[in-house]
Amino acid sequence: MTFPPVLNRFRVRAFFSLFVLLGFCSSSSGIIRYEVSLAHPEQHLFHVTMTIPDVTGEVVVQMTAWNALYQIRDFSHHVQQVEAFAGSEMAPVEKLDKQTWRVRGSGTIRIQYAIYWDEVGPFASQLNSEHAFINPAMILLYIANRRAEAVHIDMPDVPEQWRVAGASVQGMESMGGVRNFFGDAASYDELADRPIEAGKFEEFQLTGIKPEIWVVIHGDNWKRKKVEEDLKRICQYELKLMEGAPFERYTFILHVGKGAGGGGMEHADSTAIGAASDEYLPGVAAHEFFHLWNVKRIRPASLEPVDYSKEQYTRALWFAEGVTNTYGAYTLVRSGIWNKEQFYADLGEQITELENRPANRWQSAEQSSLDAWLEKYPLYNEPENSVSYYTKGQVLGDFLDILIRDRTENQKSLDDVLRAMNREFAKRGKTYRDSLDVRLTAEKIAGGSFEEFFGKYVVGIEPFPYEQVLAMAGLELRIMVQQRPTLGFTTGHDANGNLVVQSVVAGGPAAQAGLRPGDIVLVWNGGEVPRRPGRWLREQRPGDLLKLWVGREEKKVPLEFRLGESKETFYGVAEDVRASEKARHIRDGLLHGVTRAAAVH
């Protein structure tokens with residue numbers, strides 16, 4: 001595909017050339033420059049020009065293989081038509097592998113390409129007629145041995161009436177009716193960590209908080225008062241907890257409403273969040289804002305320096321992500337967004353998730369962290385094959401907090417561990433040694449060894465001692481067993497929307513009746529086939545009769561069988577009315593983030 005003519009771009013280039021002639025840009029001659037055109041957004045193509053100074057003989061550029069998620073996603077498959085110029089002459093371009101190009105030439109080299117993106121959510125990039133969301137690492141080539149050099153970005157073709165927000169974009173110039181949004185970063189890595197939103201969004205500042213925190217929202221299904229109040233509570237609590245802000249200005253980039261995607265992605269001075277409505281925002285925002293400290297600045301050595309070209313393994317995600325989940329829940333209950341029953345319910349859900357996954361018996365928190373790169377495969381995510389470092393880490397964080405409080409008569413807590421790691425590592429520009437420095441810091445705060453705890457439950461796979469540890473905080477574990485019906489087979493949809501049998505449980509009622517993988521379900525209990533059989537199943541009972549007509553080898557085959565039965569165990573957390581005074585104080589400490597030492601002061 002060739003580049004469409006973009007007149008505005010050339011006019012802006014002329015404007016910049018004038019500045020160079022006048023001497024205003026002489027100090028930036030050695031800067032690697034990117035120009036990102038959003039012209040014709042309905043085509044979903046970002047048109048990028050990368051200008052590289054000081055090239056001798058050749059330059060090798062790459063597209064990142066991963067970013068935002070611990071998954072190799074090969075962003076280079078989005079790239080189209082790479083062309084290069086040395087001065088006014090075409091320069092030879094040779095592709096070396098799936099994500100690497102070599103350009104031969106000297107002096108200033110200009111590389112042009114288009115890259116297609118139309119994926120929703122904070123872990124991708126998108127350009128359409130409504131807005132643009134950019135994760136820079138997903139659209140900008142980089143030079144592996146020149147990542148530390150200063151970079152500049154221009155966006156000259158932003159559609160009229162659109163605005164641009166994000167730490168990457170620091171200003172806007174206009175000449176002859178042409179607007180150019182621009183910004184600078186100290187390095188490619190810094191630019192890569194600064195997402196950009198362009199479109200017709202709403203923007204406001206959270207009042208009463210310093211440094212400045214801004215909210216940019218694209219979408220619908222949200223109320224400003226609720227969003228503002230929730231975010232203020234979250235930010236105020238976490239800033240107080242961690243003894244101040246590590247940023248000069250922070251931005252929430254929020255996509256809210258139907259089709260907005262889900263989840264959140266942390267960045268050094270911002271976060272990008274997708275949510276169906278404002279009801280889902282607080283839980284994600286509390287987690288992502290705490291990442292300002294844990295993972296963005298309190299950072300494991302195994303994730304530095306970042307290698308964009310291949311997997312980067314770490315054993316510390318149970319702490320970097322899981323304990324951030326711990327603090328997401330703490331923030332919600334301690335700021336008053338949740339009541340204590342909601343906090344207990346969330347903890348019970350985490351325990352239920354762990355205990356209902358067979359892989360919890362053999363995959364440790366550290367191994368789950370190492371295996372994060374397998375999460376893009378559906379088979380790996382099955383309960384028999386993996387357990388989440390988010391979930392396991394969250395429960396481990398609660399346990400560590402309770403144990404530290406118990407050992408110190410509630411004078412110290414996990415809060416002190418995070419603050420100590422912030423002082424000793426983040427503020428000194430040092431990384432920590434995965435689980436080792438977490439353990440050593442906890443031991444320093446608690447005044448005793450945690451070697452056995454880490455050996456059994458972080459490195460090892462021994463069953464978590466729920467009852468014993470929860471009792472220290474005046475809590476008890478409640479176990480409920482429920483009977484539920486099962487289909488005995490799994491389904492999916494083919495390209496025509498038909499419900500297709502994917503697998504059948506061996507020896508079950510459906511298998512005994514003759515149901516086979518590949519059968520197309522035509523009639524369900526004499527009527528229409530449910531779009532979501534799982535939802536239909538919730539309203540049935542074990543032993544109910546299911547009658548099907550299925551299509552198989554151009555024949556219609558009648559089948560009937562009774563629904564199977566399985567037992568599902570649920571775990572809940574509740575207050576123990578017989579708890580000791582010490583345990584009640586620890587429980588209050590968890591809920592309110594206080595210690596006896598703080599109360600004395």
Side-chain angles (χ1 to χ4, degrees), residues 2-3 6 9-10 12-37 46-67 74-115 134 136-156 168 180 182-194 304-310 312:
T2 58
F3 292 95
V6 184
R9 193 178 348 157
F10 296 116
V12 173
R13 281 181 181 159
F15 172 63
F16 289 146
S17 298
L18 177 62
F19 261 60
V20 173
L21 290 173
L22 293 175
F24 290 108
C25 296
S26 58
S27 62
S28 64
S29 58
I31 294 175
I32 296 173
R33 306 177 74 90
Y34 296 94
E35 181 181 289
V36 180
S37 170
F46 296 99
H47 294 281
V48 181
T49 300
M50 179 184 187
T51 303
I52 310 164
D54 307 323
V55 175
T56 303
E58 66 178 34
V59 63
V60 176
V61 295
Q62 289 185 313
M63 178 58 69
T64 60
W66 68 277
N67 182 253
D74 292 326
F75 302 128
S76 59
H77 81 275
H78 293 257
V79 175
Q80 303 177 14
Q81 191 188 353
V82 179
E83 299 177 332
F85 300 86
S88 60
E89 300 295 324
M90 290 281 291
V93 178
E94 178 186 5
K95 192 165 188 179
L96 302 180
D97 57 37
K98 64 182 179 180
Q99 62 202 39
T100 310
W101 294 260
R102 176 166 55 206
V103 179
R104 299 190 184 279
S106 296
T108 297
I109 300 295
R110 190 172 77 256
I111 300 174
Q112 293 181 338
Y113 59 95
I115 184 164
I134 300 172
M138 299 178 190
I139 73 165
L140 302 180
L141 294 170
Y142 70 96
I143 308 168
N145 61 357
R146 295 179 65 173
R147 277 168 46 187
E149 295 182 26
V151 296
H152 178 90
I153 185 170
D154 291 305
M155 296 176 63
S168 295
N180 177 62
F182 65 90
D184 297 283
S187 65
Y188 176 87
D189 289 0
E190 184 177 284
L191 180 63
D193 198 31
R194 292 176 169 181
E304 286 294 331
V306 175
D307 187 339
Y308 296 113
S309 68
K310 62 184 180 180
Q312 191 154 4

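- Residues Ala91 and Val103 approach most closely at CB-CG1, 3.9 Å, considering heavy atoms.
- In terms of heavy-atom proximity, Met63 sits nearest to Ser76 at CG-N, 3.6 Å.
- Side-chain atoms of Ser187 do not come within 3.5 Å of backbone N or O of Glu149 as any donor-acceptor pair.
- Partners of Tyr308 under the ring-ring contact (aromatic ring centres under 6.0 Å, His included) rule, at least two apart in sequence or in another chain, are Tyr142, Tyr188.
- A ring-ring contact (aromatic ring centres under 6.0 Å, His included) check over residues 75-99, counting only residues at least two apart or in different chains, returns the pairs Phe75-Trp117, His78-Trp117.
- By the side-chain hydrogen bond (donor to acceptor under 3.5 Å, both in side chains) test, Lys310 pairs with no residue at all, sequence neighbours left out.
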Please determine whether side chain to side chain contact (heavy atoms under 4.5 Å, CB included) holds for the pair Val93 and Tyr113, giving the CA-CA distance in whole Å, both sets of side-chain angles, and the decisive distance to 0.1 Å. CA-CA 12 Å; Val93 178; Tyr113 59 95; over 6 Å; no
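- The ring-ring contact (aromatic ring centres under 6.0 Å, His included) check on Tyr34 picks up nothing, with sequence neighbours excluded.
- For the atom pair CG of Asn180 and CG of Asp154, the computed distance is 4.5 Å after rounding to the nearest 0.5 Å.
- When all heavy atoms are compared, the tightest approach of Val55 to Gly105 is CG1-O, 3.3 Å.
- Once rounded to the nearest 0.5 Å, the distance linking CD of Glu58 with CD1 of Ile109 reads 10.5 Å.
- The closest side-chain heavy-atom distance from Ile52 to Val61 is below 4.5 Å.
- Under the side-chain contact (heavy atoms from CB on, under 4.5 Å) criterion, Gln312 pairs with Trp66, Leu303, Val306, Asp307, Trp373, sequence neighbours left out.
- When all heavy atoms of Thr108 and Pro53 are compared, the pair lying nearest together is OG1-CA, 4.0 Å.
- Of all heavy-atom pairs spanning Gly57 and Ser106, the tightest one is N-OG, 2.8 Å.
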Side chain to side chain contact (heavy atoms under 4.5 Å, CB included) evaluation trace for Ile32 with Met50: CA-CA 7 Å; Ile32 296 173; Met50 179 184 187; 4.1 Å; yes
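- For Asn145, there are no side-chain hydrogen bond (donor to acceptor under 3.5 Å, both in side chains) partners at least two apart in sequence or on another chain.
- Here the closest heavy-atom approach between residue His152 and residue Ile31 is recorded as N-CG2, 3.6 Å.
- No side-chain donor-acceptor contact under 3.5 Å links His47 to the backbone of Val36.
- Checked against side-chain hydrogen bond (donor to acceptor under 3.5 Å, both in side chains), Asp193 has the following partners two or more places apart in sequence or in another chain: His267, Lys296.
- Residues satisfying the side-chain contact (heavy atoms from CB on, under 4.5 Å) criterion with Ala185, sequence neighbours excluded, are Val151, Glu190, Leu191, Arg194.
- Rounded to the nearest 0.5 angstrom, Lys95 NZ and Arg102 CZ are separated by 14.5 Å.
- In this structure, the separation between OG1 on Thr51 and CZ on Arg110 is 6.5 Å, given to the nearest 0.5 Å.
- Taking CD1 of Ile143 as the start and CD1 of Ile111 as the end, the distance is 7.0 Å to the nearest 0.5 Å.
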As a quick check of understanding, evaluate side chain to side chain contact (heavy atoms under 4.5 Å, CB included) for Leu141 and Trp101, giving each step before the final call. CA-CA 10 Å; Leu141 294 170; Trp101 294 260; 3.7 Å; yes
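- The backbone N or O of Ser309 lies less than 3.5 Å from a partner atom in the side chain of Gln99, making a donor-acceptor pair.
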